[in-house]
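Heads up, the thing below is written out as structure tokens.
Since the structure is predicted, the reported quantities are computational estimates derived from the model, not experimental observations.
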Amino acid sequence: QEQLVESGGGSVQPGGSLRLSCAASGLTMDYYGVGWFRQAPGKPREGISCITSTGATTNYADSVKGRFTVSRDSAKVYLQMNSLKPEDTAVYYCAATSWTMCVMYETVYEYWGQGTQVTVSS
């Protein structure tokens, strides 16, 4: 059964950093582009970053640009989150798509993780 698993979430103070990881089982990560999404309480889920299967192309939402960095190796995809703000508090999801383009539209993503909680609070 194909599935994605996020890890690395937790609680951090404003200005702190976290690194999320996304691992796959039942599917070969190398073949898929990956997107990161988040959903804050009472808000719709939003796409915040993506990376193509080769890692050659990345993209970021304006809300995280300059603070978050997506990367990948042969086994996992990572989201390095720096300068975290309280408004970054959300459940973070990774998702995989067979699309070759780096897009942050939920509808093109075929596989989703269960999410990991990130809380930024003093």
Side-chain angles (χ1 to χ4, degrees):
Q1 183 177 357
E2 303 91 349
Q3 63 178 359
L4 301 177
V5 179
E6 303 93 343
S7 61
S11 296
V12 65
Q13 292 186 338
S17 298
L18 285 173
R19 188 194 196 202
L20 305 183
S21 298
C22 175
S25 63
L27 57 92
T28 304
M29 201 63 150
D30 282 354
Y31 297 162
Y32 293 86
V34 173
W36 285 97
F37 297 79
R38 68 184 182 186
Q39 187 167 23
K43 294 187 177 181
R45 189 158 56 187
E46 63 168 332
I48 57 171
S49 184
C50 59
I51 185 168
T52 53
S53 59
T54 63
T57 302
T58 60
N59 201 4
Y60 301 92
D62 288 344
S63 57
V64 305
K65 197 172 294 182
R67 301 186 298 122
F68 291 11
T69 303
V70 61
S71 62
R72 67 187 302 159
D73 59 27
S74 60
K76 294 184 180 181
V77 175
Y78 307 95
L79 186 68
Q80 177 67 43
M81 306 187 297
N82 298 328
S83 302
L84 284 162
K85 305 174 181 179
E87 51 263 44
D88 293 318
T89 296
V91 177
Y92 284 70
Y93 302 88
C94 66
T97 178
S98 55
W99 273 45
T100 57
M101 296 174 63
C102 185
V103 295
M104 293 181 287
Y105 304 128
E106 290 188 34
T107 53
V108 309
Y109 287 86
E110 299 148 59
Y111 304 101
W112 289 81
Q114 293 300 305
T116 186
Q117 177 70 46
V118 170
T119 302
V120 184
S121 174
S122 55

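- Looking at E87 and V120, their side chains never come closer than 4.5 Å, going by heavy atoms from C-beta outward.
- Looking at Q114, its side chain never comes within 3.5 Å of a backbone N or O of E6 through a donor-acceptor pair.
- Here the straight-line distance linking atom CD of Q80 with atom OG of S21 works out to 9.5 Å at 0.5 Å rounding.
- To the nearest 0.5 Å, atoms OG (S63) and NZ (K85) are separated by 8.5 Å.
- Tracing side-chain contacts under 4.5 Å through hydrophobic residues (I, L, V, M, F, W, Y), one never reaches M104 starting from V64; they form parts of separate clusters.
- Side-chain heavy atoms closer than 4.5 Å link hydrophobic residues (I, L, V, M, F, W, Y) into clusters, and following such links, possibly through other members, connects V12 to I48.
- By the neighbour-count criterion of 12 heavy atoms within 6.0 Å, atom CH2 of W99 is sparsely surrounded, having that number or fewer from other residues, nucleotides or ligands.
- Closest heavy-atom contact between A24 and M29: CB-SD, 3.7 Å.
- The ring pair (Phe, Tyr, Trp, His ring centres under 6.0 Å) search around Y78 returns none, not counting sequence neighbours.
- Residues V118 and L79 fall within the same hydrophobic cluster, defined by Ile, Leu, Val, Met, Phe, Trp and Tyr side chains chained together at heavy-atom separations under 4.5 Å.
- In the hydrophobic cluster analysis, where Ile, Leu, Val, Met, Phe, Trp and Tyr join through side-chain heavy atoms closer than 4.5 angstrom, L27 is grouped apart from V108.
- Using a 4.5 Å cut-off on side-chain heavy atoms (C-beta onward), L4 and Y93 make no contact.
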Would S98 and E110 count as a side-chain hydrogen bond (donor to acceptor under 3.5 Å, both in side chains) here? Give the steps.
CA-CA 8 Å; S98 55; E110 299 148 59; 2.6 Å; yes
Check against side-chain contact (heavy atoms from CB on, under 4.5 Å), D30 and S74:
CA-CA 6 Å; D30 282 354; S74 60; 4.1 Å; yes
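- Note that CD1 of I51 and SG of C102 are 7.5 Å apart. Values are rounded to the nearest 0.5 Å.
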Would you give me the side-chain donor-acceptor pairs under 3.5 Å for residues 33-40, sequence neighbours excluded?
residue : atom : partner : partner atom : Å
R38     : NE   : E46     : OE2          : 2.7
R38     : NH1  : D88     : OD1          : 2.8
R38     : NH1  : Y92     : OH           : 3.0
R38     : NH2  : E46     : OE2          : 3.2
Q39     : NE2  : K43     : O            : 3.1

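- The CZ atom of R72 lies 6.0 Å from the OG atom of S53; values are rounded to the nearest 0.5 Å.
- In terms of heavy-atom proximity, Q117 sits nearest to A90 at NE2-O, 3.4 Å.
- With rounding to the nearest 0.5 angstrom, the CG atom of L20 is 8.0 Å from the CZ atom of F68.
- Checking side-chain atoms of T52 against main-chain N and O of M101 turns up no donor-acceptor pair under 3.5 Å.
- Contact check for P14 versus P86: side-chain heavy atoms found under the 4.5 Å cut-off.
- To the nearest 0.5 Å, the span separating CG on L84 from CZ on R67 amounts to 6.5 Å.
- Linking ILVMFWY residues whenever their side-chain heavy atoms come closer than 4.5 Å, directly or via other members, leaves Y31 and Y109 in distinct clusters.
- The two atoms that bring C50 and V70 nearest to each other are O-CG1, 3.6 Å, heavy atoms only.
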